[in-house]
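See below for the structure under consideration.
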Protein chains: 2
Amino acid sequence: MIRSIGRICIYRRLLAEMDRRGQRQVYSHELARLAQTTPAQVRRDLMNVSGMGTPSKGYSVPDMLDSLDGYLDAGHCEPIVLVGIGYLGRALLGHFAGRHPKLHITAAFDIDSEKTGGMIHGCPCYHLQQLGEITRDRNIHLGIIAVPANTAQQVAEKMIECGIRAILNFSPERLNLPANIYVEDIDVTVAIERMAFFARQKNTQNKRNMNHAGS
Amino acid sequence: MIRSIGRICIYRRLLAEMDRRGQRQVYSHELARLAQTTPAQVRRDLMNVSGMGTPSKGYSVPDMLDSLDGYLDAGHCEPIVLVGIGYLGRALLGHFAGRHPKLHITAAFDIDSEKTGGMIHGCPCYHLQQLGEITRDRNIHLGIIAVPANTAQQVAEKMIECGIRAILNFSPERLNLPANIYVEDIDVTVAIERMAFFARQKNTQNKRNMNHAGS
DNA sequence: TAGATTGTTAATCGATTAACAATC
DNA sequence: TAGATTGTTAATCGATTAACAATC
């Protein structure tokens with residue numbers, strides 16, 4: 001199941017775009033083409049979300065979109081904290097600002113007080129000391145780590161103390177955390193090394209390797 | 001095999017750190033603990049690279065490091081081009097500048113001429129028109145896409161025309177490219193959506209989902 | 001030798017793919 | 001009806017895990 005979630009997120013994105021264009025129905029093979037998978041895979045994935053397709057009509061775009069929202073989203077907009085206001089942190093704030101209806105980076109933190117106090121892309125920046133205060137006030141359970149490798153473990157532990165239950169970790173450090181904490185790693189250096197490796201393997205089957213719809 | 005490469009990159013990183021500290025030998029269970037996998041997995045992975053361990057002595061750190069370098073690296077330093085000098089592109093340049101012995105972002109490109117002409121973190125910035133000129137001059141086959149979704153496909157096609165054979169794609173767009181091109185996707189929005197989903201599933205087995213050592 | 005670790009083979013597990021009756 | 005698509009079951013595939021003789 002863990003691998004299907006990434007694909008389901010992509011189906012939702014595609015269906016949202018179709019809905020915006022006014023498309024009412026879609027067949028598995030069209031979704032499969034756009035999401036670069038097989039029609040059978042699409043049917044199987046969607047069936048797990050909600051069995052609502054009909055033969056000869058395929059899937060209703062608005063109905064399936066509702067089902068996907070119900071499956072993927074919490075009932076409310078979920079707040080996220082970001083720790084690390086370096087280049088990457090700023091890039092994430094810029095990339096994510098106001099783009100997602102149900103997920104929102106609510107506050108950013110750093111230990112460098114030169115970086116705190118202001119707003120970046122509409123997101124207030126605080127000193128790391130204030131992390132617990134903010135997370136408890138606003139009931140935040142999601143965190144993003146965008147700090148250098150040598151402080152990542154320490155930051156992760158502080159996050160957990162402050163009530164964070166899932167972490168997206170951009171540092172190359174392997175976080176050592178309790179089993180009830182969900183960790184998703186994005187290691188850019190490994191991604192580049194892997195790309196370089198497979199570029200050299202001429203006769204390897206080119207299986208697409210997607211971070212979050214894959215692994 | 002595709003999934004083991006990410007782990008192998010991590011073993012190398014760990015062994016390089018041990019070598020720096022002067023550690024000469026290592027057992028599978030120590031590597032397994034650090035890389036968060038099982039000793040059997042480590043032995044199996046390392047065996048594929050080069051069977052050089054001995055019972056009661058484990059693996060020689062410098063020898064295994066040599067084997068890993070031979071397995072993962074090209075003989076020379078490989079140049080990479082980056083297209084898209086936005087927040088993310090700058091973050092990648094900062095993160096990667098001079099950090100890797102065998103991989104180097106040699107040139108960055110954008111269509112906005114306000115962003116070109118200068119240097120960022122030691123990397124020269126050119127107009128996208130000059131892509132082919134640079135890639136052919138310097139024999140570059142690796143590319144990173146850090147542009148907005150609506151231009152990603154177009155940029156990828158241009159890259160391929162210019163001789164790029166493997167692409168690391170940070171845009172949420174599903175690139176539609178010939179099968180001989182290796183594509184690795186890093187979709188930050190999907191990663192965050194997935195983290196939010198699993199944070200809500202209280203009783204799910206917390207299998208770590210690593211971008212590049214996973215999927 | 002005794003004890004721990006190795007490479008290797010067999011068993012397990014999970015996910016993907018193929019096949020097909022049921023449906024519009 | 002004929003044709004295409006659906007949900008569902010069975011078969012396949014690949015990767016992980018367990019087991020174990022060989023080795024130091």
Side-chain angles (χ1 to χ4, degrees), chain A residues 1-8 10-11 15 23-61 63-64 67-68 71 194 198 201 204-215, chain B residues 1-11 15 23-61 63-64 67 71 194 198 201 204-215:
Chain A
M1 192 265 267
I2 196 167
R3 304 196 57 183
S4 67
I5 295 300
R7 288 194 303 266
I8 289 172
I10 288 170
Y11 302 147
L15 285 161
Q23 182 176 342
R24 306 286 298 169
Q25 296 178 336
V26 66
Y27 291 118
S28 57
H29 56 77
E30 186 177 351
L31 272 175
R33 183 176 53 78
L34 294 168
Q36 301 187 341
T37 180
T38 61
Q41 183 74 273
V42 171
R43 291 206 298 276
R44 211 180 125 284
D45 288 338
L46 291 183
M47 204 186 66
N48 287 340
V49 175
S50 122
M52 287 175 56
T54 52
S56 85
K57 288 192 175 179
Y59 300 90
S60 154
V61 172
D63 288 357
M64 186 49 80
S67 300
L68 286 166
Y71 187 78
R194 190 146 71 173
F198 284 109
Q201 313 301 101
T204 304
Q205 182 71 14
N206 279 301
K207 287 233 173 186
R208 189 174 262 247
N209 203 325
M210 204 220 170
N211 232 345
H212 325 103
S215 285
Chain B
M1 192 264 266
I2 196 165
R3 304 195 57 182
S4 67
I5 295 299
R7 288 193 304 265
I8 290 172
C9 291
I10 288 170
Y11 303 147
L15 284 162
Q23 182 176 341
R24 305 286 299 167
Q25 297 179 334
V26 66
Y27 291 117
S28 57
H29 56 76
E30 186 178 350
L31 272 175
R33 183 176 53 78
L34 294 169
Q36 302 187 339
T37 180
T38 62
Q41 183 74 274
V42 171
R43 290 206 298 275
R44 211 180 124 282
D45 288 339
L46 291 184
M47 205 187 65
N48 287 341
V49 175
S50 121
M52 285 176 56
T54 52
S56 87
K57 289 193 175 178
Y59 301 90
S60 155
V61 171
D63 288 356
M64 186 49 79
S67 301
Y71 188 78
R194 189 147 71 175
F198 284 109
Q201 314 301 103
T204 302
Q205 181 71 15
N206 279 301
K207 285 235 173 184
R208 189 174 264 246
N209 203 325
M210 203 219 168
N211 232 344
H212 325 105
S215 282

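Labels below follow one simple rule: chain letters A, B, ... track the order of the sequence lines, proteins then strands, and each chain is numbered from 1. Keep in mind the model is a prediction, meaning the values are calculated, not measured.
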Which residue lies toward the 5' end of DNA chain C, B/Pro39 or A/Gln41, if each is placed at its nearest nucleotide?
B/Pro39

How many Å lie between CD1 on B/Ile8 and P on D/dT16, as a whole number?
11 Å

Hey, which sits more toward the 5' end of DNA chain D by its nearest nucleotide, A/Lys57 or A/Ala40?
A/Lys57

Taking the side chain of B/His29 as its heavy atoms from C-beta onward, which of D/dG3, C/dT5, D/dT16 lies nearest to it?
C/dT5

Separation of D/dA15 C1' from A/Arg3 CZ (nearest whole Å):
10 Å

Counting only N and O atoms by type, is there a donor-acceptor contact under 3.5 Å from the side chain of B/Ser67 to the main-chain atoms of B/Asp63?
yes

Under 4.0 angstrom, heavy atoms only, what part of the nucleic acid is A/Ser28 near: base, sugar-phosphate, or nothing?
sugar-phosphate

Nearest whole angstrom, please: distance from the C1' of D/dT16 to the CD of B/Gln36.
17 Å

What nucleotide, of D/dG7, C/dT8, D/dA15, holds the atom closest to the side chain of B/Met47?
C/dT8

From the options C/dT6, D/dG7, D/dT5, select the nucleotide whose nearest atom is closest to the side chain of A/Pro55.
D/dT5

Counting side-chain heavy atoms from C-beta on, which of C/dT17, D/dT6, C/dT6 comes nearest to A/Arg44?
C/dT17

4.5 Å side-chain heavy-atom contact, A/Leu46 and A/Leu31
yes

Round to the nearest Å and state the distance from A/Leu31 atom CG to D/dG7 atom P.
12 Å

D/dT8 C1' sits how many Å from A/Met52 CE, rounded?
19 Å

Separation of atom CD in B/Gln25 from atom P in D/dC24, rounded to whole Å
14 Å

Candidates C/dT6, C/dT16, D/dG7 - which lies nearest the side chain of B/Arg43
C/dT6

Provide the Watson-Crick or G-U wobble partner of C/dC20, both distances under 3.5 Å; none if there is no partner.
D/dG7

In the strands shown, is C/dG14 matched to any nucleotide by a Watson-Crick or G-U wobble pair with both distances under 3.5 Å, and which?
D/dC13

Is the closest side-chain heavy-atom distance between A/Thr37 and A/Tyr11 below 4.5 Å?
yes

Taking the side chain as every heavy atom from C-beta outward, state whether A/Arg24 and A/Tyr59 have any atom pair closer than 4.5 Å.
no

When you compare the side chain of A/Arg194 with that of B/Ile5, does any pair of heavy atoms fall below 4.5 Å?
yes

Any idea which of C/dA15, D/dA19, D/dT6 is nearest the A/Tyr27 side chain?
D/dT6

Considering just the side-chain nitrogens and oxygens of A/Tyr59, establish if one lies under 4.0 Å of OP1 or OP2 belonging to D/dG7.
yes

Can you tell me the distance, in whole Å, between the CG atom of B/Leu46 and the P atom of C/dT6?
9 Å

